[in-house]
Amino acid sequence: MSEEAIKQAVALALDAMGVADADVRFEQPKDPGHGDLATNVALTLAKTLRRSPRDIAEEIASRVDTEGSGIESVDVAGPGFLNFKLSSGQVASRLEEIVGADADYGRCDEGGGESIVVEFVSANPTGPLHLGHGRQGALGDAIAGLLDWTGWSVSREYYYNDAGAQIDRLAESVWARYQQHFGQDAAVPEGGYQGDYVGAIAEGIAEEHGDRFVGNHDAAALEVMRTTAVHVLREEQDRDLSDFRIHFDVYFLESSLYEDGRVESTAEALRETGKVFDLDGAVWLRTTAYGDQKDRVMIKSDGSPTYFLPDVAYHMDKWGRGLHHAINVQGSDHHGTVARVQAGAQALGLPAGYPEYVLHQMVRVERDGKEVKLSKRAGSTITLRELMTEVGVDVTRYFFQMRKPDGHLVFDLGLALDQSDKNPMYKVQYAHARMCSIFKKAGRERASIVTEGVDLSVLTTEVEREVIKALVQFPELVRNAARLRAPHLICDYLEQTAGAVNSWYHAGNPSRNPELAVLVDDENLRNARLALARSVQIVLHNGLTILGIEAPEQMMREAELAPAD
RNA sequence: GCGCCCGUAGCUCAGUUGGAUAGAGCAACGGACUUCUAAUCCGUAGGUCGCAGGUUCGAAUCCUGCCGGGCGCGCCA
């Protein structure tokens with residue numbers, strides 16, 4: 001509202017200068033010395049007005065009415081920027097919105113309640129979840145959180161590739177280990193699964209069924225291997241995800257698309273588009289007609305479909321369920337699939353660009369600058385379970401979220417294990433807990449801290465202004481992060497804000513500067529600072545909530561956890 | 001060879017879609033701290049934004065071409 005006043009005042013000034021249609025854009029300067037709000041109109045108008053930018057800026061400044069608009073000063077700076085400084089009362093009054101909105105501060109209704117589905121993790125049930133799934137889980141869940149906060153009706157979905165060649169290989173792998181268990185000579189096939197968990201599944205089958213499948217390689221035997229393995233691994237994955245605090249609304253089974261004939265009907269529908277052709281005994285879709293680099297095989301020469309066909313069927317199903325906005329989070333090693341799935345959907349009449357993809361790159365865990373691979377169980381990379389057991393769920397989630405999806409992620413185990421302020425996740429949680437401890441010290445329930453009847457204009461120190469300015473940026477930041485599908489912007493913001501908050505908090509250390517402490521004797525000043533602390537607590541809490549990370553009221557030192565095997 | 005992504009401080013990374021002196025966090029260096037609102041605080045230093053052109057008042061950001069790295073490239077998923 002105070003900003004509105006400035007914008008209006010500038011508009012009026014420009015009107016008087018005969019350039020009412022100018023595109024005036026404001027921004028919050030990074031440098032506090034540049035005031036609270038700045039605009040570069042004078043620079044953009046220089047050409048059309050044929051006057052020097054500074055000259056134009058001076059005229060605007062002189063025409064802006066500062067009376068009663070809450071503007072403390074207007075300055076012309078640099079090549080012709082106009083910098084506005086608001087009165088401290090105007091700045092502090094923004095706290096009223098924050099305290100008023102409380103747990104909803106930062107929400108908006110940009111999505112208008114429309115449905116959107118975020119599909120992520122979608123691991124094949126062929127082994128334990130590893131690091132990449134962890135990153136994808138944390139990322140997808142945070143994107144879903146952002147969409148929820150910006151007014152979308154979000155559902156989280158998991159697509160189980162429980163059909164097809166990789167599951168057959170799993171069954172063969174279990175079968176081989178089962179034979180080995182009974183002393184038979186059998187080897188896990190080429191491209192099979194080697195991890196210890198395969199042997200464990202085989203032993204489970206041996207316990208339940210005895211030796212009745214020894215030397216027996218018929219369909220029924222393999223079916224037992226297959227269903228048992230899928231069942232066991234799905235349960236394990238579900239447990240891992242649940243402990244990682246990720247919950248899905250819909251689990252979609254690829255096998256269901258075969259069972260109800262939709263893979264075939266999708267193939268039929270694609271044929272009818274005339275974009276299908278036969279070559280070398282296989283059936284192809286002319287995906288190049290929709291911007292793909294190459295045409296793709298949809299039915300192999302042996303008559304079985306490639307994964308691509310059920311994938312298209314699956315997205316037709318999504319659309320049919322009324323989910324006209326869909327985001328798929330995937331590893332960037334799958335980026336080749338993007339164009340072809342979109343092409344298939346488009347061929348069947350869906351809009352170009354459906355579904356939307358967020359691709360993320362791989363994760364590398366390092367300790368002291370060296371790569372760590374500590375999983376025996378999975379046979380190769382570290383599992384999600386191992387990582388979250390070692391450093392905790394909150395840290396794991398945060399570290400996966402704090403980098404933009406593109407580009408590799410280096411997970412620094414040393415930093416993750418550090419429970420001091422150096423660890424960015426703890427830094428944010430500490431700042432939150434410190435605010436809560438002030439409330440406790442003051443003997444105040446959170447809800448009793450209000451802005452009504454408090455003169456907030458007493459919040460005049462530079463640090464206080466900085467903190468307030470950081471806080472009021474939160475809603476716009478959330479909107480932006482949601483649009484860009486970029487949770488890391490939230491992390492970045494929380495760290496910056498926590499930094500400002502910690503400075504404020506430490507500056508008011510009673511042993512050093514008792515007059516800067518929150519709990520001063522002056523009642524109004526104390527209430528104003530409590531309102532600020534409360535606002536900080538709300539923003540940090542809400543930011544962490546979007547990311548699916550806890551906002552503790554009190555920090556506890558966790559006991560040393562035994563490292564995972 | 002073609003396509004997508006990445007290249008910013010010693011390390012890990014931001015940079016709000018073209019703005020002012022390019023920012024954080026680790027690490028480094030220098031101080032403060034018998035103490036509580038504390039599993040510290042304040043400060044310093046550190047940069048040809050991969051390279052070269054171009055666009056314009058203005059480029060880390062947009063365009064073109066190179067260099068380097070990751071991933072993917074007709075019947076694996």
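Chain A is the first sequence line, chain B the second, and so forth, proteins listed ahead of strands; every chain is numbered from 1.
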- Message: With a 4.0 Å cutoff (strictly under), does any side-chain N or O of S332(A) reach OP1 or OP2 of C4(B)?
- Response: no

- Can you tell me the pairing partner of C41(B) across any strand shown, Watson-Crick or G-U wobble, with both distances under 3.5 angstrom? G31(B)

- Note on the structure: Taking for S503(A) and for V518(A) the nucleotide of RNA chain B with the nearest heavy atom, the one nearer the 5' end belongs to V518(A)

- Query: What is the distance, rounded to the nearest whole Å, between atom NE2 of H334(A) and atom C1' of G72(B)?
  - Reply: 11 Å

- Query: When the distance from CG of L37(A) to C1' of G19(B) is rounded to whole Å, what number comes out?
  - Reply: 15 Å

- Query: With a 3.5 Å cut-off and just heavy-atom distances, do the side chain of Y426(A) and the base of A39(B) make a donor-acceptor pair?
  - Reply: no

- Message: Would you say that L359(A) contacts V338(A) through its side chain, given a criterion of any heavy-atom pair below 4.5 Å between the two side chains?
- Response: yes

- Message: Does U8(B) count as syn, meaning its glycosidic angle lies within 90° of 0, or as anti?
- Response: anti

- Message: A side-chain contact here means heavy atoms from C-beta on lying under 4.5 Å apart; do D75(A) and F84(A) qualify?
- Response: no

- Counting just side-chain N and O atoms, does H488(A) come under 4.0 Å of either OP1 or OP2 of G15(B)? yes

- Message: With the 90 degree cut-off around zero defining syn, does G74(B) come out syn or anti?
- Response: syn

- Taking OP1 and OP2 of C13(B), is either one under 4.0 Å from a side-chain nitrogen or oxygen of K404(A)? no

- Would you mind pulling out the nucleotide paired to G19(B), Watson-Crick or G-U wobble, both distances under 3.5 Å? C57(B)

- Query: Can you find a side chain N or O atom of S420(A) that sits less than 4.0 Å from OP1 or OP2 on A38(B)?
  - Reply: no

- Separation of atom NE2 in H506(A) from atom C1' in C36(B), rounded to whole Å: 11 Å

- Atom-to-atom span, NE2 of H335(A) to P of C73(B) - whole angstrom: 8 Å

- Could you check E464(A) against T461(A) for side-chain hydrogen bond (donor to acceptor under 3.5 Å, both in side chains), going step by step and ending with a plain yes or no? CA-CA 5 Å; E464(A) 284 166 347; T461(A) 69; 3.1 Å; yes

- Indicate, yes or no, whether a donor-acceptor pair under 3.5 Å links the base of A20(B) to the side chain of N83(A). yes

- D292(A) has an atom CG; how far is it from atom C1' of C4(B), in whole Å? 12 Å

- Mind checking D280(A) for me? I need base, sugar-phosphate or nothing, with any heavy atom below 4.0 Å counting as a touch. base

- A9(B) pairs with, by Watson-Crick or G-U criteria that keep both distances under 3.5 Å: none

- Under the 3.5 Å rule, do the base of G69(B) and the side chain of H408(A) count as making a donor-acceptor pair? no

- Item | Nucleotide G15(B), atom P - distance to CD of E495(A) in whole Å | 12 Å

- Message: Pairing check on C36(B): which nucleotide meets the Watson-Crick or G-U wobble criteria with it, both distances under 3.5 Å?
- Response: none

- Message: Less than 6.0 angstrom from the centroid, inside 45 degrees of the normal: does R286(A) satisfy that with respect to the ring of F277(A)?
- Response: yes

- Task: State whether K294(A) places a side-chain N or O below 4.0 Å from either non-bridging phosphate oxygen (OP1 or OP2) of G72(B).
- Result: no

- Message: Check this for me: does the side-chain of N40(A) come within 3.5 Å of the base of G19(B) through a donor and an acceptor?
- Response: yes

- To the nearest angstrom, how far is Q401(A) atom CD from C13(B) atom P? 16 Å

- Who is the Watson-Crick or G-U wobble partner of C73(B), with both distances under 3.5 Å? G1(B)

- How long is the line joining CG of N509(A) and C1' of U40(B), in whole Å? 10 Å

- Mate of G65(B) across any strand shown (Watson-Crick or G-U wobble, both atom pairs under 3.5 Å) is C51(B)

- Determine, using ring centers only, whether Y158(A) and F252(A) are less than 6.0 Å apart. no

